There are 2 protein chains.
Amino acid sequence: MTRSRQVILDALVRLRCPSTPKEIAEAVGTRACDLATVYRCMTLFEEMGLVHRIDFGDGLARFEIADDDPTGHQHHHLLCRQCNRIVKLDGCVLGEVESALARRYGFVEIKHRLEFFGVCPDCQHAGRGAASQARKRAS
Amino acid sequence: MTRSRQVILDALVRLRCPSTPKEIAEAVGTRACDLATVYRCMTLFEEMGLVHRIDFGDGLARFEIADDDPTGHQHHHLLCRQCNRIVKLDGCVLGEVESALARRYGFVEIKHRLEFFGVCPDCQHAGRGAASQARKRAS
DNA sequence: CTATGTGCAAACCGTTTGCACACAT
DNA sequence: ATGTGTGCAAACGGTTTGCACATAG
């Protein structure tokens with residue numbers, strides 16, 4: 001555990017909300033730590049389970065310190081489309097509908113992004129990279 | 001409606017699954033249509049409501065022809081983490097849990113990405129760009 | 001001392017944009 | 001003819017990587 005990693009982790013705790021690598025680098029002071037180092041540390045921390053990578057679909061990676069509830073559930077977020085404020089949702093909101101969120105948080109025009117990821121039957125039976133009909137993700 | 005747009009739209013119908021601009025360009029033949037044109041057409045089609053932009057969090061934009069159900073609900077997707085196969089989910093799965101998906105489609109290790117987007121109370125009352133505590137998305 | 005981490009700068013990759021030419025009407 | 005669409009190539013922005021130097025153990 002080097003000093004850079006300490007500093008970066010501290011900053012992440014201090015920020016207490018999903019932050020981009022650039023924001024993290026600025027929080028520690030650009031002279032204290034290089035952007036590339038932030039990226040490398042984030043990858044490391046993620047593998048260690050210390051942080052979660054969050055994707056809000058704007059092309060920027062965001063990270064926050066992992067604080068899963070006892071059930072292992074990651075919390076979700078409610079974002080303001082205008083000011084980018086982030087409300088952390090307590091508990092699991094799967095099954096709640098947007099109107100309930102609107103009532104509770106006073107947001108309007110709520111939309112969501114929801115996708116599921118898993119391993120399909122063919123891949124389970126074929127080691128890996130089955131699927132003649134597979135769509136290549138890269139290239 | 002130009003020939004390029006016809007060809008691109010045809011390709012999108014033919015592909016019948018969320019496709020990246022590169023895939024679309026290849027489907028119409030690189031000599032038939034430039035990548036930049038695909039991007040521009042996608043932006044146009046999206047504004048016209050002809051296609052939906054889909055984000056699977058891998059940094060690639062994907063598009064599919066819009067076929068919302070009568071309730072105006074967009075369908076969601078179930079992705080295989082290994083072969084990238086895409087299963088289109090019928091109806092609204094909000095409220096279904098992953099274990100139910102696993103049973104129905106035979107996928108395992110199902111995870112999801114779920115975020116909500118709306119306009120917060122402060123922004124509703126402040127024209128736009130309220131929030132002193134706003135997090136700047138770009139820059 | 002030796003392996004690993006870091007800073008710097010260049011490379012990458014998807015996406016966007018400026019510009020001159022081509023096409024639709 | 002005139003305005004819009006297109007191809008090409010360069011620009012852009014976030015992320016990754018190669019390499020030489022610095023640091024941890």
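What you see is a predicted model, and the numbers here were worked out from it, not measured in a lab. We name chains A, B, ... by the order of the sequence lines, and we start the count at 1 in each one.
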Between D:dG14, D:dG7, C:dC8, which one does the side chain of A:Leu60 approach most closely? D:dG14

Closest heavy-atom pair, B:Val28 versus B:Cys33, reported as atoms and distance to 0.1 Å, is CG2-CB, 3.7 Å

Those residues of residues 35-49 of chain A lying under 4.0 Å from DNA chain D by at least one heavy atom: A:Ala36, A:Tyr39, A:Arg40

Test side-chain contact (heavy atoms from CB on, under 4.5 Å) applied to A:Phe45 - qualifying residues, sequence neighbours left out: A:Arg5, A:Ile8, A:Leu9, A:Cys41, A:Met42, A:Met48, A:Leu50, A:Val51

Shortest non-hydrogen contact from B:Ala27 to B:Ala11? CB-CB, 4.1 Å

Partners meeting salt bridge (charged side-chain N to carboxylate O under 4.0 Å, His left out) with B:Arg53 (sequence neighbours left out): B:Glu46

Rounding to a whole Å, what distance do you find between B:Lys22:NZ and C:dG14:P? 5 Å

When we call it a touch if two heavy atoms are under 4.0 Å apart, what does B:Ala32 touch: a base, just sugar-phosphate, or nothing? sugar-phosphate

Show your working on side-chain contact (heavy atoms from CB on, under 4.5 Å) between B:Phe63 and B:His52 and close with a plain yes or no. CA-CA 6 Å; B:Phe63 300 89; B:His52 283 141; over 6 Å; no

What one should report as the nearest heavy-atom pair of A:Ile54 and A:Pro18 is CD1-CG, 3.8 Å

Could you go through nucleotides 20-25 of chain D and list every protein N or O atom that sits under 3.5 Å from one of its N or O atoms, giving the distance for each pair?
none

Atom pair OH (B:Tyr39) and CG (B:Asp34), whose distance is rounded to the nearest 0.5 Å: 11.0 Å

From CD of B:Glu23 across to P of C:dC13 the rounded distance in Å is 16 Å

d(B:Leu15 CG, B:Glu23 CD) to nearest 0.5 Å is 7.5 Å

Among residues 4-16 of chain B, which residues get a heavy atom nearer than 4.0 Å to DNA chain C? none

To the nearest 0.5 Å, what is the distance between CZ on B:Arg14 and CD1 on B:Ile24? 11.0 Å

Round to a whole Å and report the spacing from CG of B:Asp58 to P of C:dG14. 10 Å

What one should report as the nearest heavy-atom pair of A:Pro21 and A:Ala61 is CD-O, 3.2 Å

Could you tell me the separation between the CG atom of B:Asp34 and the P atom of C:dG18, rounded to a whole number of Å? 16 Å

side-chain contact (heavy atoms from CB on, under 4.5 Å) against A:Asp10, all qualifying residues, sequence neighbours excluded: none

